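Beneath this line is the structure, given in structure tokens, with notes to follow.
Count residues from 1 along the sequence. It should be emphasised that the depicted structure is a prediction, and the values quoted were computed from it without experimental measurement.
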Amino acid sequence: MCKDHAETHDSAIARRGLLVTGAAAALTLSTVSFASAASAAENGGGQTGDQTRTVRGTLPPGSPDFVHLPVEVPRGVREIHVAYTYERPAMPAGTQGNALDIGIFDERGTRLGGKGFRGWSGGARTEFFLRADAATPGYLPGPVNAGTWYIALGPYTVAPQGLAYEVTITLRFGAPGETPKPVYPPERAKGRGRAWYRGDCHIHSIHSDGRRTPAEIAALARNAGLDFINTSEHNTHSAHSAWDGLWGDDLLILTGEEITTRNGHVVALGMDGGTFIDWRYRARDNRFGHYAREVRRAGGLVVPAHPHATCIGCNWKFGFADADAVEVWNGPYTVDDEVSLADWDSTLVSAARSGQPWTPAMGSSDAHRDPDPIGTPQTVVLADDLTRDAILAGIRAGHSYIAESSSLSLTFGAAGGRGGHAGIGDRLRVRDDEPVTVRLEVTGAPGCTAHLVTDQGTLHTTTLPESGTGTVEWRTTATYATYVRAEVRHAPKTPGLPGALAAFTNPVFLGTTE
């Protein structure tokens with residue numbers, strides 16, 4: 001096997017051009033060229049060989065979000081392999097160091113929302129490959145056609161002295177394999193008819209920055225007592241076809257994506273298998289509304305994730321006008337979840353009296369690796385059956401509560417007027433002065449307290465029995481409380497601060513609408 005190795009020194013500061021990608025500018029570097037390997041192509045790939053090129057450069061502070069490295073791929077290529085490294089100098093406290101993401105687009109180009117996307121691993125991997133019959137997780141198998149491919153570099157953060165990088169591209173020639181037809185999970189599991197179903201809609205596997213295989217995740221989901229999960233890899237849909245044989249009558253697997261922009265992350269929940277949603281824009285580019293509609297056209301829901309997370313680029317900047325639900329609780333309960341809960345609660349008042357659409361809350365684990373627990377927390381949804389459409393309809397309607405595990409269950413509702421009753425996410429239509437009885441039943445919450453929260457704040461608190469099973473009743477009117485929701489909390493660890501959530505419900509609205 002012959003090997004042609006060449007090095008190219010390319011300064012991104014001195015030699016750069018601008019390629020407009022949607023509303024955002026991307027830096028395009030000099031093109032990397034390879035020999036044609038005509039002998040391999042003429043013989044139908046009968047001969048094999050490698051050609052390798054290495055590109056080095058330095059990206060300055062203030063670089064665009066994406067840097068494209070064009071690669072001219074000749075005919076007869078069986079596989080493309082890319083490896084990269086970059087300098088990570090130590091930084092003083094308060095100064096961001098270097099972090100560089102990577103992905104690739106094929107000969108169809110890098111147009112925003114175009115067909116050229118072939119994979120993304122962010123900063124989770126230092127190398128990847130693609131060929132017709134296989135690809136690194138996070139990347140899509142398929143033919144390596146001749147034309148200009150683009151390695152996409154994403155300088156997430158850049159140190160003051162710049163980001164020095166090295167990219168090595170290897171083309172392997174030979175006969176291409178057959179691209180397998182993707183198999184996506186079915187949209188229906190056996191179910192129990194109209195019932196409460198438990199799910200975790202934000203999980204990562206080896207197809208992005210997780211460390212678990214789909215098989216491991218499916219087993220953990222079953223052990224956690226879940227009825228459904230949603231695959232949500234960062235900026236790739238490669239995992240949609242990775243669950244063959246892992247679903248069953250007891251587990252519905254939905255396909256989605258965590259659209260990971262520089263101004264926040266959003267879970268695209270329950271889309272058609274094989275759907276990819278672009279992420280290469282910021283709030284200033286005014287593109288999110290378009291891609292939110294793309295999620296819905298693919299049958300999915302738009303769910304901003306961890307809106308008050310403190311990691312760089314994680315805090316949600318796009319507003320909630322396009323959201324179908326919001327992930328208020330992300331992983332083990334922390335201070336940013338408490339902020340998200342309070343912020344979400346503040347949005348309920350406008351819907352309480354007007355009857356205008358409101359944004360239901362959700363909770364998901366965002367589990368990546370051991371020991372991250374799958375199903376902590378989980379969204380418990382009232383649905384007509386264990387199907388994609390029914391689960392998404394229940395989430396969209398707010399017919400759900402969030403619990404830290406399957407050992408905790410809630411029943412919550414309000415009754416009043418002439419035999420009227422409303423459950424979670426619904427409205428009890430009563431006159432403003434009519435008595436209303438709010439009832440909460442809790443099981444599986446030892447050592448916890450139950451709180452009834454309204455637009456005024458927490459108006460009733462009860463310590464649950466030691467067994468963790470108890471019933472709370474409270475009387476009010478629609479004048480006094482325009483909505484009521486329930487929280488179950490652990491004992492506080494810090495005096496003067498609320499205890500961590502064990503569970504909470506979406507609201508029940510009270511009264512007629514204006």
Over 12 non-hydrogen atoms of neighbours within 6.0 angstrom of CD in Q456: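 Check passes, neighbour count above 12.
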Kindly compute the distance separating [atom1] ([X]) from [atom2] ([Y]), expressed to the nearest 0.5 Å.
| X | Y | atom1 | atom2 | result |
| --- | --- | --- | --- | --- |
| E404 | W329 | CD | CH2 | 5.5 Å |
| E434 | L510 | CD | CG | 11.5 Å |
| E258 | H265 | CD | NE2 | 6.0 Å |
| L252 | Y197 | CG | OH | 10.0 Å |
| T157 | L163 | OG1 | CG | 7.5 Å |
| R293 | I277 | CZ | CD1 | 12.0 Å |

Any donor-acceptor pair under 3.5 Å from [X] side chain to [Y] backbone:
| X | Y | result |
| --- | --- | --- |
| R489 | G499 | yes |
| T494 | L497 | no |
| S340 | D336 | yes |
| D227 | R198 | yes |
| T461 | H451 | no |
| N506 | S400 | yes |
| N235 | I259 | no |
| T261 | G264 | yes |

Indicate, with yes or no, if the rings of [X] and [Y] have centres closer together than 6.0 Å.
| X | Y | answer |
| --- | --- | --- |
| F288 | W316 | yes |
| F320 | W344 | no |
| Y291 | W279 | no |

Below 4.0 angstrom, N of the basic side chain to O of the carboxylate: do [X] and [Y] qualify?
| X | Y | result |
| --- | --- | --- |
| E441 | R439 | yes |
| R211 | D370 | no |
| E216 | R369 | no |
| E487 | R485 | yes |
| R280 | D65 | no |

Given H421 and D426, is the side chain to side chain donor-acceptor pair (under 3.5 Å) satisfied, shown in steps? CA-CA 9 Å; H421 181 272; D426 290 330; over 6 Å; no
Taking S205 as the fixed residue, which of R212, H368, E233 is the one that meets the side-chain hydrogen bond (donor to acceptor under 3.5 Å, both in side chains) rule?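 Of R212, H368, E233, side-chain hydrogen bond (donor to acceptor under 3.5 Å, both in side chains) with S205 is met by E233 alone.
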Pair S238, H207 - check side chain to side chain donor-acceptor pair (under 3.5 Å), show working. CA-CA 7 Å; S238 69; H207 283 261; 2.8 Å; yes
D455 and T482: side chain to side chain donor-acceptor pair (under 3.5 Å), yes or no, with the steps? CA-CA 6 Å; D455 54 308; T482 54; 3.1 Å; yes
Salt bridge (Lys or Arg N to Asp or Glu O under 4.0 Å) between R297 and D272: does it pass, once the steps are laid out? CA-CA 9 Å; R297 272 193 284 269; D272 296 334; over 6 Å; no
Could you walk me through whether D250 and K190 pass salt bridge (Lys or Arg N to Asp or Glu O under 4.0 Å), step by step? CA-CA 7 Å; D250 62 334; K190 186 174 182 180; over 6 Å; no
Side chain to side chain donor-acceptor pair (under 3.5 Å), that's the test. Do T458 and H460 meet it? Break it down for me. CA-CA 6 Å; T458 300; H460 185 80; over 6 Å; no
Would you kindly check if the NZ (Lys) or CZ (Arg) of R287 is within the cone defined by 45 degrees around the ring axis of F318 and under 6.0 Å from the six-membered ring centre? no
